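Small disclaimer: the values here were computed from a predicted structure and weren't measured.
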Amino acid sequence: MEGLEITVLLGLAILVGTVLAPRLRLATPLVLVVIGLLLGFVPELRDIQLPPETVLLLFLPVMLFWESLTTSLRAVRRSLRYIVPMSTLLVVASAFAVAGIATLFGVPFHTALLLGAAVAPPDATAVAALGRLLPEHTFMKLKAESLTNDGTALVLYAIALSLALGENVTGWSVTGMVLVSYLGGAAAGIAVAALAYLGLRHARHALTINITLLLVPFAAFLVAEWIGASGVLAVVFAGLVIAWSHSRITTATSRRQAMAAWPFGVFLLNGALFVLIGLEVQYVVHDVPARQIGMLLLITLATWAALVVVRYLFQLLFAPFSRPPAAATYSRHRARVVSTFAGFRGAVSLAIALSVPTSIAGVGELTGRDIVVFVTGGVILLSLLVQGPLLPAIIRWARLPADETAADEYDLAQRTITGAAVAAIDDIAAEHGISDAVRDRARQEGYELLELANARAYARQSAADDARIAELETALARPDATDTGPLSAPASPARRVVAATPDPTSSVAPDAVTRPGATSLEMLAESDGIDLTQRSPLIRFEEATRLKLALLDRERAVLHRLRREGTIDDLVARRIEGHLDLDELRLRGVDRVD
């Protein structure tokens, strides 16, 4: 098929999946994978191949960079004792466990280790797409783990490929590969992000800023490839550095453009990838001799089961070395079960499998590449189509404690920045030469917003207390109930909407008419109630605009201080900053870009 036909086909598949998913009450990635499988029954469509370079060089840099930008840096720092072993030791343990199982079916060890390296790492984009029902803290830990474990998997792949090709592998060479992969990838990502920071410190044009940020993941991946390091880790580190300095190198206009473009682009790439996974699995199934499919299916099921069991056992063994969870003791087992089933496989696993050379030895008529690609595709399908639908039910069964941290910090930040602006309004008004009437009106609006924020915080706390009391009363009414978990979190507070209401003290003269001979835009208002000694409405509007923009700058300064001090999370600060950006664009005018 031609490239344009493939593009239209993928677009239609994504459109159909997006429409069907809410009606079927399924996650969109699951529907897209099924659509890809169904399309694979058409021989012409089955021939659409997914080159590994496409995944590694086009899909992954964009998707991983966006996931890094939207990852909480504070959560990463606080969960390092969980993330480091899960992204390194667990990947190694999973890979060797899969290799051991595959050798029981007669697969050569080198090929089996290639398979283990392919299926060992959970995929960040799959976790981000399917794990949104998880509590925020759990979701961020899984996301951070999935962003950093690809480097370990790629090092294992390089080692296994060297062994399969008969090259000499020593302890020193393995150590060198690990150091170059991790340290080189981190250095490449940090260096590219630092150059972008230096280049954007004084940039004010939105297009310039966003084009530069779009180039960052590809440049980081390229530099890492030049030095033989992990391009995936380079993209992740570049994204984390840019996320840390994002407010200082972007403007309100560029941030609004990015928030409109990046999620949409990432959704399209994710959707196309899930459809292509379904097509690739169909291609592999039809390409393998029918008499070998039974054995490959057994290897696939055993591999998937091993990954689930090893992940749970690893968390159980390392529990004493991790930070104790905030939940009650009885829920730790359930939390581990949730984390186990939330480890989805996806794009990185498929890219590794497709990169295996056809010359690798396999079993009978099967080459090593046939085995690795078939089993990896099957594991991805089981991960998405079995774990994905089961995860919501498992989360409900686990009854994990509601994570109210983000909502509480949001309320705290809103009250703090509004209170700081109200407290400084006299000084700011004097500095900018604002009249008393405009200043007092702005102060009144600030008090109203502060009262609204306080009322929302009080309402949320009252609702949580009422729900807890109702839960305890229910538990007391059922003396046989021995394990009652906390109720789900109340709905997060709605976004602030301030409706503009007409001033009852003002009126438009009833005899406002068009002046004879004037243009349609010129109006004559006559009223005896107008005091011509008062300041012009245009002057008052200009003063109010200057005052509000200055107050927004003060609110941003306080918001960034709260973030630097760790009082609020990065994502909470990003959310509030988005609201401030909207206010700024409304005041400056959306047509006045930069």
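The CG atom of L64 sits 11.0 Å away from the OG1 atom of T148 when rounded to the nearest 0.5 Å. Here OG1 of T88 is found 11.0 Å from CD1 of I83. Values are rounded to the nearest 0.5 Å. In this structure, L115 CG and I371 CD1 are separated by 8.5 Å, a value rounded to the nearest 0.5 Å. Rounding to the nearest 0.5 Å places CG of L296 at 11.0 Å from CG of L301.
Using a 4.5 Å heavy-atom cutoff, the side chains of V348 and F59 are not in contact. Using a 4.5 Å heavy-atom threshold, the side chains of I249 and T212 count as separate. Within the 4.5 Å cutoff, no side-chain heavy atoms of R345 are placed close to those of W304. Contact of the L214 side chain with the N210 side chain is not registered, since no non-hydrogen atoms from C-beta on lie closer than 4.5 Å. You'll find the side chain of T340 stays beyond 4.5 Å of the side chain of Q387, heavy atoms only. Looking only at side-chain heavy atoms (C-beta outward), T376 and I352 stay at 4.5 Å or farther from each other. Side-chain contact between P389 and L30: present, with at least one pair of heavy atoms (C-beta onward) separated by less than 4.5 Å.
For Y157, the OH atom sits in a packed shell: over 12 heavy atoms of surrounding residues, nucleotides or ligands are nearer than 6.0 Å.
For the side chain to side chain contact (heavy atoms under 4.5 Å, CB included) test with V236, the passing option among L147, T71, D150 is L147; the others fail. Tested against F65, the residues W262, F237, F221 include a single ring-ring contact (aromatic ring centres under 6.0 Å, His included) partner, W262.
Counted by atom type alone, E136 and T405 present zero donor-acceptor pairs between their side chains at under 3.5 Å. Using modelled atom types and a 3.5 Å distance limit, the side chains of S72 and K143 yield no donor-acceptor pair.
Between the side chain of S383 and the backbone N or O of V379 there is no donor-acceptor pair closer than 3.5 Å. Side-chain N or O atoms of R334 include one that pairs as donor or acceptor with a backbone N or O of W397 at under 3.5 Å. In this structure, the side chain of R336 does not engage the main chain of Y312 through any donor-acceptor pair within 3.5 Å. A donor-acceptor pair is defined here as one N or O able to donate and one able to accept, closer than 3.5 Å; no such pair exists between the side chain of S79 and the backbone of Y82. With hydrogens and angles ignored, the 3.5 Å screen pairs a side-chain donor or acceptor of S349 with a backbone N or O of A118. A donor-acceptor distance shorter than 3.5 angstrom exists from the side chain of R311 to the backbone of S339, with no hydrogens or angles considered. Using a distance-only test at 3.5 Å, with no hydrogens or angles considered, no donor-acceptor pair links the side chain of R25 to the main chain of R23. Panel note: side chain Q282, backbone L37; a donor-acceptor pair is recorded below 3.5 Å.
Across all their heavy atoms, F274 and A126 have their closest contact at CZ-CA, 4.5 Å. Smallest separation of non-hydrogen atoms from V338 and I395: CG1-CG1, 4.2 Å.
Using a 4.0 Å cut-off between charged side-chain N and carboxylate O, R563 and E577 make no salt bridge.
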